[in-house]
Amino acid sequence: MPTMPAVVSAAGAAAPCSNVVEDLVGFLRVLSDGTILRSPGPVFCPSTFPGEHPSVEWKEAVYDKPKNLHVRMYKPSPASGGVGAGGGGKLAVLVYFHGGGFCLGSCTWANVHSFCLRLAADAGAVVLSAGYRLAPEHRLPAAVDDAAGFLHWLRERAVDGDGDGWWLAEAADFGRVFVTGDSAGGTIAHHLAVRAGSAAAAAAAPDDPVAIRGYVLLMPFFGGVSRTPSEAGCPAEVFLNLDLFDRFWRLSLPPGATRDHPMANPFGPDSPAMDGVELPPVLVVAGGLDMLRDRAVDYAERLSAMGKPVELAEFAGEHHGFFTLGPGSDAAGELIAAVARFVDVAAPPPK
């Protein structure tokens with residue numbers, strides 16, 4: 001069995017004797033002896049990000065104890081007067097997976113938490129922000145396997161009236177579940193859709209207590225060996241540049257794999273064909289100033305050409321991850337409104 005690399009906090013660590021062979025802008029460094037140094041959190045998460053919302057209740061739970069994987073759960077409070085409150089109809093469920101190139105991020109990061117608070121409040125939905133194991137300690141497909149494990153946990157909660165199941169069942173309509181994610185989380189949503197849409201998976205779960213009614217891919221983190229125009233034209237001086245994204249792939253894909261690996265490129269030479277995959281409605285969000293814009297647009301256009309129910313929403317003046325970098329911004333509010341409209345059309349609330 002391979003030896004796991006040593007992982008230590010970068011904060012206060014003694015100067016290592018080994019050389020740094022990979023550096024993700026100081027958040028994560030890999031040393032030549034295999035040691036991994038992680039910073040405790042991102043510098044772009046100021047304390048000014050709201051940690052609470054007046055109309056949202058939230059709690060945290062562990063959904064996989066052996067792996068120490070957590071989920072933060074959000075729901076509009078009964079006092080908010082929104083749909084589903086005060087005895088009204090139950091709310092759609094948005095399962096959300098954070099971004100970070102499969103190497104960074106957490107459901108506990110302040111910017112992710114703040115965005116999920118607003119998503120629950122403005123979309124009038126139950127939001128479940130689930131963590132997953134990160135690379136390079138746990139390379140792909142570990143993150144996708146963890147996400148599938150979370151959906152299994154959710155199915156158990158849907159039929160369990162105690163504890164977290166009771167807290168969710170008060171507001172959650174498990175017949176209206178949507179799998180969402182931003183950047184790497186959007187890539188996870190794609191892979192879950194492919195797994196669930198296979199004929200074998202559909203035949204194996206005829207009485208699923210959780211009905212996934214759609215997928216929302218927010219600026220998905222796709223890759224490929226051939227560069228797209230938006231990748232080739234990305235200025236090197238911007239924070240989220242081509243070199244950084246290439247480093248994410250080197251650290252997260254199986255050793256020796258290229259960016260055409262199925263985990264990175266949904267239309268790579270070895271990727272499963274999408275033609276025979278049964279898909280519910282899919283919303284793809286692209287940013288006009290995002291280096292990954294062309295890949296998101298191409299993904300939506302290819303699904304549309306196959307006759308899949310896909311919708312593309314492009315935010316012309318926005319960069320990658322604008323809604324988590326500025327969860328209180330007007331643009332983030334417009335994105336949440338687009339997601340809410342998609343949910344209501346794909347799975348209208350019962351009369």
Side-chain angles (χ1 to χ4, degrees), residues 27 41-61 70-77 80 82 91-102 104-132 134 143 147 150 171-172 177-189 214-221 239-240 283-287 289-290 292 296 313 315 317-343:
F27 298 149
V43 295
F44 52 79
C45 284
S47 59
T48 52
F49 279 165
E52 301 292 340
H53 193 287
S55 63
V56 175
E57 301 174 1
W58 70 276
K59 64 179 294 189
E60 186 172 329
H70 291 236
V71 56
R72 285 197 172 181
M73 305 179 288
Y74 308 79
K75 64 181 180 181
S77 63
S80 67
L91 305 170
V93 178
L94 304 181
V95 176
Y96 174 81
F97 298 104
H98 65 77
F102 297 107
L104 305 174
S106 168
C107 64
T108 66
W109 276 14
N111 63 326
V112 175
H113 178 69
S114 183
F115 173 69
C116 288
L117 284 169
R118 188 176 184 188
L119 180 61
D122 290 7
V126 173
V127 176
L128 306 178
S129 177
Y132 50 87
L134 300 176
F150 175 74
V177 176
F178 291 77
V179 176
T180 75
D182 80 89
S183 194
T187 311
I188 290 173
Y215 293 85
V216 179
L217 281 60
L218 306 173
M219 300 181 164
F221 180 45
F239 176 64
L240 297 176
L283 172 64
V284 180
V285 171
L289 301 181
D290 182 9
L292 298 178
F315 290 76
E318 300 301 334
H319 293 272
H320 190 77
F322 67 91
F323 43 91
T324 54
L325 295 175
S329 66
D330 290 342
E334 293 172 8
L335 177 134
I336 291 173
V339 171
R341 287 193 298 270
F342 171 77
V343 167

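Owing to the predicted nature of the structure, the values given are computational and were not obtained by experimental measurement.
A distance of 12.5 Å separates CG of Asp290 from CZ of Phe315, quoted to the nearest 0.5 Å.
Every residue was checked against the side chain to side chain donor-acceptor pair (under 3.5 Å) condition with Ser114, not counting sequence neighbours, and none meets it. Under the rule for a side chain to side chain donor-acceptor pair (under 3.5 Å), the partners of Tyr74 that lie at least two apart in sequence or sit in another chain are His113. Phe115 pairs by the ring-ring contact (aromatic ring centres under 6.0 Å, His included) definition with Tyr96, Phe323, not counting sequence neighbours. For Ala130, the side-chain contact (heavy atoms from CB on, under 4.5 Å) partners at least two apart in sequence or on another chain are Tyr63, Val71, Phe97, Phe150. Residues that satisfy the side chain to side chain donor-acceptor pair (under 3.5 Å) test with Ser183, not counting sequence neighbours, are His320. For the ring-ring contact (aromatic ring centres under 6.0 Å, His included) test, residues two or more places apart in sequence or in another chain that qualify with Tyr132 are His98.
At least one donor-acceptor pair under 3.5 Å links the side chain of Thr180 to the backbone N or O of Val95.
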Under 3.5 Å, sequence neighbours excluded: what are the donor-acceptor pairs made by side chains of residues 117-124?
from   : atom 1 : to     : atom 2 : distance (Å)
Arg118 : NE     : Asp122 : OD2    : 2.9
Arg118 : NH1    : Pro327 : O      : 3.0
Arg118 : NH1    : Gly328 : O      : 3.4
Arg118 : NH1    : Ser329 : O      : 2.8

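The stretch residues 49-61 participates, sequence neighbours left out, in these salt bridge (charged side-chain N to carboxylate O under 4.0 Å, His left out) pairs: Lys59-Asp164, Glu60-Arg72.
Scanning all heavy atoms of the two residues, the minimum distance from Leu217 to Ala189 falls at CD1-CB, 3.9 Å. Taking both residues in full, the closest heavy atoms of Phe102 and Ala143 are given as CD2-CB, 3.9 Å, listed atom of the first, atom of the second, then distance.
Between Val285 and Leu335 the shortest side-chain heavy-atom distance falls below 4.5 Å.
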Could you check Val126 against Leu94 for side chain to side chain contact (heavy atoms under 4.5 Å, CB included), going step by step and ending with a plain yes or no?
-> CA-CA 6 Å; Val126 173; Leu94 304 181; over 6 Å; no

